[in-house]
Number of protein chains: 2
Amino acid sequence: MNELVALTPGESAALDNLEERQRHVRRGAVLQRENEACNELFILRKGLMMSYVLLDDGSRQILRFLFPGDILGISSAIYQEAPETLAALSDCVVSPFDRAALADIMTGHPRLSALILVYSQIERVALTDRLAALGRTSARARVAALLLELRSRLRATDKSIDNAFLLGLTQEEIGDATGLTAVHVNRMLRQLEETGLIGREGGRVTLKDEPALTRAANFVNRYVGLDLSWLPKPRS
Amino acid sequence: MNELVALTPGESAALDNLEERQRHVRRGAVLQRENEACNELFILRKGLMMSYVLLDDGSRQILRFLFPGDILGISSAIYQEAPETLAALSDCVVSPFDRAALADIMTGHPRLSALILVYSQIERVALTDRLAALGRTSARARVAALLLELRSRLRATDKSIDNAFLLGLTQEEIGDATGLTAVHVNRMLRQLEETGLIGREGGRVTLKDEPALTRAANFVNRYVGLDLSWLPKPRS
DNA sequence: CGATCGTTTGACGTTTGTCAACCGTCGTGG
DNA sequence: CCACGACGGTTGACAAACGTCAAACGATCG
């Protein structure tokens, strides 16, 4: 949270309290399964995870990729059964905490409550961007938007990333995120490569023509342009 | 909020405070425009509204339909510029309030803060349901899901609604919500009618075979199955 | 009464999915 | 050490779903 505002000692302590415990999650492991009870929330410390749902016909929709610093499972915490599955795309480290800890923060730290709401709204807007992409843009635009989003979010934790990054996803996973088949994702990636917008060498993607990609995708970075001047005063 | 928990007098007073003012919004009017500054939030009191985004090519994605009791514009409140447009689908009444009032609630009423978070998470899950629908289901399923969702949400404010309701949307609006063209929406509606799943008489839709519709749509009502046992204690 | 809007329908085009085959890499167990 | 199988990527032929264009109709409103 300290990227958005300077925290008071009391607020920092409350957050550190959430991150007391650590749990390692192996690549491919499931942290929380759709339709199962789940009393824990998590903060992702290291690695890349995803949330997804499975439909009746067995197809999968990836809802969101999760990066270090993200809070996982708020939506599951308000339901008796989790509405989505959380799974690790790489070896990860998470800090589990329970719903009572969330309630304690909301009672004792109004500004942190507001920041949790802010993060959940940033996520909401990112979801609506993807909704618009799935509803109204071409396969090519969706793949381009996904690459831009991945790069932008990876850079938030690893400043060394510039135009090139290791794409930790299979083409099937890209397809499940963008509403396409793996075969068509492959065609789109190749087309982006052939037209010079991206480069690819064994899992590594290079954004070679970022302005053209942004135009193709109408991508907006939702972590900039915030207005937090209205946040309540910290209590301690 | 009082549908989910019994409010204390202090909490009720804080909410009544938000609804002090009233503003009438005519059908078709825009309450908030994408990319414009907006310092107000709203509670919808009467009528039907929608939020949408416009893409570069002029196409529109409707993100969400808004019903009485919904809070409008939280996501816009955290940005300098609104990420979405709010427009009235029928004559409406809204209660505007400012961001400072939101901050006051978060400071003074921890349980209301938590409930605001709960509502924003219900909305989040509804958005992910729609994301999965757009990414992974057929045009027929998406239209069926929209009809079920509309009926379910209309019934929340009007208990007299059973299987039939007045569909206050054009087929173009249904298309913009489901990621289809108006022409194809028409074909799907006619197909649902011909196969006996729905009936139609001039703007009125009747869900004639609800189990079959639910199967066609894999629809989940996200306003049931909540677990709010963890909510913080009310302060006053 | 004309104009506009929403709906309906048909013919046709494009995008995307499906199916199938093949390739290279990697890990594993005989 | 090698053979095998699993997995992910690549490619082509074909099919299905959905979009585009165009025309006509009825209702509503000024």
Side-chain angles (χ1 to χ4, degrees), chain A residues 26-28 50 55 57-62 87 89-91 133-147 166-195 198-205 216, chain B residues 26-28 50 55 57-62 87 89-91 132-147 166-195 198-205 216-217:
Chain A
R26 196 134 317 147
R27 179 172 176 280
M50 63 175 169
L55 305 196
D57 64 355
S59 62
R60 175 175 69 170
Q61 176 67 48
I62 295 178
L89 286 161
S90 68
D91 290 347
L134 292 205
R136 286 298 184 222
T137 75
S138 67
R140 178 163 167 274
R142 289 183 232 170
V143 172
L146 183 67
L147 294 178
L166 209 111
L167 177 81
L169 303 175
T170 66
Q171 294 179 357
E172 185 173 2
E173 285 158 351
I174 298 176
D176 285 346
T178 53
L180 301 169
T181 58
V183 173
H184 207 59
V185 168
N186 184 286
R187 292 195 273 247
M188 294 302 102
L189 284 174
R190 192 160 54 84
Q191 189 192 319
L192 289 174
E193 186 178 24
E194 279 169 3
T195 53
I198 66 171
R200 293 189 298 157
E201 321 86 31
R204 252 192 118 57
V205 173
Chain B
R26 197 134 316 149
R27 177 171 177 281
M50 63 176 168
L55 305 196
D57 64 355
S59 63
R60 175 176 70 170
Q61 176 66 47
I62 294 179
L89 286 161
S90 68
D91 290 347
L134 292 205
R136 287 296 183 223
T137 74
S138 66
R140 178 163 166 274
R142 289 182 233 170
V143 172
L146 183 66
L147 294 178
L166 209 112
L167 177 81
L169 304 174
T170 66
Q171 294 180 359
E172 185 173 3
E173 284 158 352
I174 297 175
D176 285 346
T178 53
L180 301 169
T181 58
V183 172
H184 207 61
V185 168
N186 184 285
R187 292 196 270 247
M188 294 302 103
L189 284 173
R190 192 160 54 84
Q191 190 193 319
L192 289 174
E193 186 178 23
E194 279 168 3
T195 52
I198 65 170
R200 293 189 297 158
E201 321 86 30
R204 250 191 121 58
V205 173

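In what follows, chains carry the letters A, B, and so on, assigned in the order in which the sequence lines appear, proteins first and then strands, with residues in each chain numbered from 1.
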Where the side chain of B:His184 is defined as all heavy atoms beyond and including C-beta, which of D:dG8, D:dG19, C:dG6 is the nearest nucleotide? D:dG19
D:dG9 base / A:Arg187 side chain donor-acceptor hit below 3.5 Å: no
Using a cut-off of 4.0 Å on non-hydrogen atoms, how would the nucleic acid contact of A:Arg140 be classed: base, sugar-phosphate, or nothing? nothing
Taking the side chain as C-beta and beyond, is there a heavy-atom pair between A:Ile62 and A:Glu173 under 4.5 Å? yes
If only atom types and distance count, is the side chain of B:Arg142 paired as donor or acceptor with the main-chain N or O of B:Thr137 below 3.5 Å? yes
Quick one: label A:Gly179 by what it contacts on the DNA or RNA (base, sugar-phosphate, nothing), any heavy atom closer than 4.0 Å. sugar-phosphate
Please determine if a side-chain N or O atom of A:Gln171 lies less than 4.0 Å away from the OP1 or OP2 oxygen of D:dT10. yes
B:Glu172 has an atom CD; how far is it from atom P of D:dG19, in whole Å? 13 Å
How long is the line joining CD of B:Glu201 and P of C:dT8, in whole Å? 12 Å
Where each residue is assigned the nucleotide of DNA chain D containing its nearest heavy atom, which of A:Val183 and A:Arg136 is assigned the position nearer the 5′ end? A:Val183
B:Glu193 CD - C:dT7 P separation (whole Å): 13 Å
Any base atoms under 4.0 Å from B:Gly203, or only sugar-phosphate, or nothing? Heavy atoms, all strands. nothing
Distance check needed: C:dT15 P versus A:Leu180 CG, whole Å only. 14 Å
Heavy atoms of other groups near B:Arg27 CZ, more than 12 under 6.0 Å: no
Please give, in whole Å, the distance from C:dT16 P to A:Leu189 CG? 14 Å
Length of the CZ-C1' vector between B:Arg190 and C:dG10, whole Å: 10 Å
Verify, without hydrogens or angle tests, whether A:Glu172 (side chain) and A:Thr181 (backbone) share a donor-acceptor contact under 3.5 angstrom. no
Do any N or O atoms from the side chain of B:Thr178 and from the backbone of B:Ile174 form a donor-acceptor pair under 3.5 angstrom? yes
Is the phosphate of C:dG6, meaning OP1 or OP2, less than 4.0 Å from a side-chain N or O of B:Arg200? no
What is the separation between atom CZ on A:Arg142 and atom P on C:dT16, rounded to the nearest whole Å? 7 Å
Nearest whole angstrom, please: distance from the P of C:dT9 to the CD of B:Gln191. 13 Å
Under 4.0 Å between a side-chain N or O of B:Asn186 and OP1 or OP2 of C:dT8? yes
